[in-house]
Amino acid sequence: MKTSYMKLRGSQYFRQRLLLSTLSSTSILVEDIRSESASPGLRPYEVSLLRLLEKISDDCTVEINDTGTKLRYKPGVLIGGKNVVHDCGLSRSVGYFLEPLIVLGLFGKRSLSIRLKGITNDSKDPSVDTFRTTTLHILKHFGVSLDGLELKIESRGAAPLGGGEVVLVVPIVPSSLCATTWIDEGMVKRIRGVTFSTRVSPQFGNRMVFAARGVFNQFLPDVHIFTDHRSGQSSGRSPGYGISLVAETTTGCLISADMAVSHPKTEVDALMNFEEKPELMSPEDVGIQVASMLLGEIEGGGVVDSSHQGLLFLLCALCPPDVSKVRVGKLTPYSIATLRNIRDFLGVKFVIKPEPTTNTVILKCVGCGLKNLSRKIS
């Protein structure tokens, strides 16, 4: 039987297109992947993502041409699996791979338990702490029970050399998700967080906490930030530090912000020549900056922060054919692209209604009714 491919161009939103292609069982043909660039073709982390999809699905085919500028992807059946191990490489952090995995894990044949190795905290992708404290909790609004859903941080790894390991466990949904009406963001009642520091002085954690608390104490008393200092085996291979903060509201919404600081990749060459290391941002500045970022996210309004909008819309679109209604702050370019990709792959259109009084946006959609067809029917 000849496969019909959906034709796409360019390298943008690659991860999201693969995720939607897999969920909707649509074969895709992507052309012109960075064909104009000085280094054309798929990046190592994108190839790594394809390999990861091969590991958790059965009978999926991936064909890449010699230059890496053209890809044919035919999704298979999601099988999940126990004790899957994947090395995420060092060009993107583990966070890049976690987001698609959480959604794909729900629709597998068996529950998914996977160990990911690589960089756990960097400023490009959400850190593993934010995943543990915030992202996993978004799922409970769609009827996924948090029992059995976990992310264990076994060791941390900062850029450029990584060395971190996390274990993600995702149970399958019994049949489908539940549509949600989630528009009441409430007022912030407490702030929680965790700092991490690897291969630097243990004092760095306390310095970040002290600085961040200085910002929040003007607003509310209930601020607890834990410190997680790692040394030895569980600290990875590079020095780094950072902080992940979460604001919890009276209605149980979680708004997060995070940041990590480590030496850039060129460092490795510089160390060979014993040159001076460039100065990194001080722990105090990191604490203050993340606290300010969090206040900005809270001011933006909405039931999730801007980095989780795309995931929220995707979960709404995967619900049974029932109305879901959510409130978010200003739409980010990424989430606007998400809405377009959802329309193309799942045929779900959102009704978008801005609320000028609160500067937020309310989105409504009728889900596409994705059922977990690959699970064992006992």
Side-chain angles (χ1 to χ4, degrees), residues 8 10-23 27-30 33-35 37 39-76 78-105 108 112-128 131 135 151 153-170 236-238 260 262 264-265 268 310-311 334 341:
L8 302 166
S11 62
Q12 271 191 311
Y13 314 116
F14 182 77
R15 172 177 69 150
Q16 203 171 57
R17 284 166 165 180
L18 281 182
L19 171 59
L20 283 161
S21 153
T22 310
L23 289 169
S27 301
I28 54 173
L29 169 66
V30 190
I33 302 174
R34 301 193 182 86
S35 49
S37 157
S39 53
L42 291 167
R43 295 282 174 263
Y45 58 87
E46 292 167 338
V47 177
S48 179
L49 180 62
L50 286 162
R51 296 288 166 256
L52 177 58
L53 288 172
E54 282 177 342
K55 282 179 191 170
I56 60 165
S57 53
D58 189 19
D59 191 35
C60 90
T61 52
V62 175
E63 293 169 26
I64 306 171
N65 70 351
D66 298 346
T67 53
T69 52
K70 192 171 166 187
L71 160 81
R72 277 176 196 271
Y73 172 68
K74 178 173 162 285
L78 288 167
I79 50 172
K82 285 238 169 359
N83 312 328
V84 187
V85 180
H86 183 70
D87 192 332
C88 298
L90 299 174
S91 48
R92 281 300 273 271
S93 75
V94 171
Y96 176 84
F97 300 85
L98 281 173
E99 193 176 304
L101 275 177
I102 289 174
V103 184
L104 293 172
L112 174 69
S113 153
I114 184 165
R115 176 183 294 269
L116 298 169
K117 303 180 177 187
I119 295 170
T120 54
N121 301 75
D122 75 352
S123 279
K124 208 172 190 180
D125 299 293
S127 72
V128 286
F131 262 92
T135 315
L151 179 64
I153 303 169
E154 303 222 326
S155 62
R156 292 195 179 267
L161 298 176
E165 283 194 22
V166 300
V167 177
L168 174 71
V169 182
V170 186
R237 298 205 278 277
S238 297
S262 58
K265 284 207 170 45
V268 187
L311 177 66
Y334 181 74
N341 285 329

For [X], side-chain hydrogen bond (donor to acceptor under 3.5 Å, both in side chains) partners two or more places apart:
| X | answer |
| --- | --- |
| Glu154 | Arg115 |
| Ser37 | none |
| Ser57 | none |

For residues 40-56, which residue pairs pass the salt bridge (charged side-chain N to carboxylate O under 4.0 Å, His left out) check, not counting sequence neighbours? Arg34-Glu46, Arg51-Glu54
Answer whether the closest heavy-atom distance between the side chains of [X] and [Y] falls below 4.5 Å.
| X | Y | value |
| --- | --- | --- |
| Arg15 | Pro100 | yes |
| Val166 | Leu151 | yes |
| Val103 | Leu311 | yes |
| Leu168 | Val94 | no |
| Ile64 | Leu50 | yes |
| Lys117 | Val85 | yes |

Rounded to the nearest 0.5 Å, what's the gap from CZ on Arg237 to CD1 on Ile119? Could you check? 9.5 Å
Please report the interatomic distance OG(Ser11) to CG(Leu71), rounded to the nearest 0.5 Å. 12.0 Å
Taking all non-hydrogen atoms of both residues, which atom of Val30 and which atom of Gly10 are closest, and how far apart? CG1-O, 3.4 Å
Sequence-distant partners of [X], side chain to side chain contact (heavy atoms under 4.5 Å, CB included), two or more places apart:
| X | answer |
| --- | --- |
| Ile79 | Asp58, Lys109 |
| Ser262 | Ala158, Ala159 |
| Asn65 | Thr67, Thr69, Lys70 |

Quick one: ring pair (Phe, Tyr, Trp, His ring centres under 6.0 Å) partners of Phe131, sequence neighbours excluded? none
Provide the full list of ring pair (Phe, Tyr, Trp, His ring centres under 6.0 Å) pairs with a residue in residues 40-67, sequence neighbours left out, each pair given once. Tyr45-Tyr96
Are the side chain of Ser155 and the backbone N or O of Glu165 linked by a donor-acceptor pair below 3.5 Å? yes
Please determine which of Leu52, Leu53, Leu112 meets the side-chain contact (heavy atoms from CB on, under 4.5 Å) test together with Leu104. Leu53
